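Heads up: the structure comes next, in structure tokens.
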Amino acid sequence: MVAERTYIMVKPDGVERGLVGEIIKRFENKGFQLLALQLLSPKREILEQHYADLKSKPFFGGLMNYMTSGPVVGMVWAGKGVVKAGRVLLGETNPLASLPGTIRGDFCIDVGRNLCHGSDSVETAEKEIGLWFPNGVVNHERVLDKLIYE
């Protein structure tokens, strides 16, 4: 099966609050496959590339300061429709608009501390995966996929 991939990042607030395991659990419970996982101290240069589309926004400086304030956890997940489904699992960018049962709906309040990032398209996911995991990821077949997919 050719699986779609997405990049999910637990931001400094999620790492500090000890929510990495909970976030991983939700993706695993859904049936998605973890291909890469790394605790990182993000460099400003990488973050500027990652958030290049927000560079002209007035909050960009604060975002950079926040994202370099502590470690992040970068992950690559694979599965059918994982980009869209991953964003549903995360919830709305504004946690107050997120439904209960989503990560943001259950665990945060402010946009500026919304715990995690999820790729918004397959194309963006591949770009982000290349940026954060330049040495590649571990691709492997899971026996249990026959229990998840038809």
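Bear in mind the structure is a predicted one, so any value in this text is a computation, not a measurement. Note that these values count all heavy atoms, side chains included, but never hydrogens, waters or copies made by symmetry.
The two residues C116 and I103 have their closest heavy-atom pair at SG-CG2, 4.1 Å. Residue L39 comes nearest to P71 through the heavy atom pair CD1-CB, 3.7 Å, listed as atom of the first residue, atom of the second, then distance. The two residues C108 and P95 have their closest heavy-atom pair at O-CB, 3.3 Å. Shown here for G70 and P42, the closest heavy-atom pair between the two residues is O-CD, 3.7 Å.
Under the 4.5 Å side-chain contact rule for hydrophobic residues, I46 and V73 do not share a cluster. Hydrophobic clustering of Ile, Leu, Val, Met, Phe, Trp and Tyr side chains at less than 4.5 Å, counting indirect connections, keeps L37 apart from I129. Cluster membership for L40 and Y51, using ILVMFWY side-chain heavy atoms within less than 4.5 angstrom, is shared. F32 and L19 end up in the same hydrophobic cluster when Ile, Leu, Val, Met, Phe, Trp and Tyr side chains are linked at under 4.5 Å. Linking ILVMFWY residues whenever their side-chain heavy atoms come closer than 4.5 Å, directly or via other members, places L90 and I24 in the same cluster.
Hydrophobic clustering, defined by side-chain heavy atoms of Ile, Leu, Val, Met, Phe, Trp and Tyr closer than 4.5 Å, groups L96 together with I109. Grouped with V143 in a hydrophobic cluster is no other residue, since no side-chain heavy-atom contact under 4.5 Å to another Ile, Leu, Val, Met, Phe, Trp or Tyr is found.
Annotation: side-chain hydrogen bond (donor to acceptor under 3.5 Å, both in side chains) contacts of N139 (sequence neighbours excluded): none. Judged as a side-chain hydrogen bond (donor to acceptor under 3.5 Å, both in side chains), and not counting sequence neighbours, S69 has no contacts. Taking A36 as the reference, V76, F133, V137 meet the side chain to side chain contact (heavy atoms under 4.5 Å, CB included) condition, with sequence neighbours excluded. Every residue meeting the salt bridge (charged side-chain N to carboxylate O under 4.0 Å, His left out) condition with R142, not counting sequence neighbours, appears here in chain and number order: D145. Not counting sequence neighbours, the partners of E126 by the salt bridge (charged side-chain N to carboxylate O under 4.0 Å, His left out) test are R5.
With S119 contributing its side chain and Y7 its backbone, the two residues share a donor-acceptor pair below 3.5 Å.
Taking the side chain as every heavy atom from C-beta outward, V10 and M75 approach each other to under 4.5 Å. Using a 4.5 Å heavy-atom cutoff, the side chains of P12 and V72 are in contact.
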Listed pairs under 3.5 Å, donor-acceptor, residues 57-67 side chains, sequence neighbours left out:
from: N65; atom 1: ND2; to: G61; atom 2: O; distance (Å): 3.4
from: Y66; atom 1: OH; to: D13; atom 2: N; distance (Å): 2.8
from: Y66; atom 1: OH; to: D13; atom 2: OD1; distance (Å): 2.3

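For residues 32-49, the set of pairs meeting the side chain to side chain donor-acceptor pair (under 3.5 Å) definition, not counting sequence neighbours, comprises Q33-H140, R44-E48. Listed by first then second residue, pairs satisfying side chain to side chain donor-acceptor pair (under 3.5 Å) with a partner in residues 84-111 read R26-D106, not counting sequence neighbours. Applying the ring pair (Phe, Tyr, Trp, His ring centres under 6.0 Å) test to every pair with at least one member in residues 72-117, sequence neighbours left out, gives these pairs: F27-W77, H50-H117. Applying the salt bridge (Lys or Arg N to Asp or Glu O under 4.0 Å) test to residues at least two apart or on different chains, none of the pairs has a partner in residues 67-76.
The distance from the CD1 atom of I23 to the NZ atom of K11 is 10.5 Å, given to the nearest 0.5 Å.
Dense packing is recorded around CD of E28, with more than 12 heavy atoms of other residues, nucleotides or ligands lying under 6.0 Å away.
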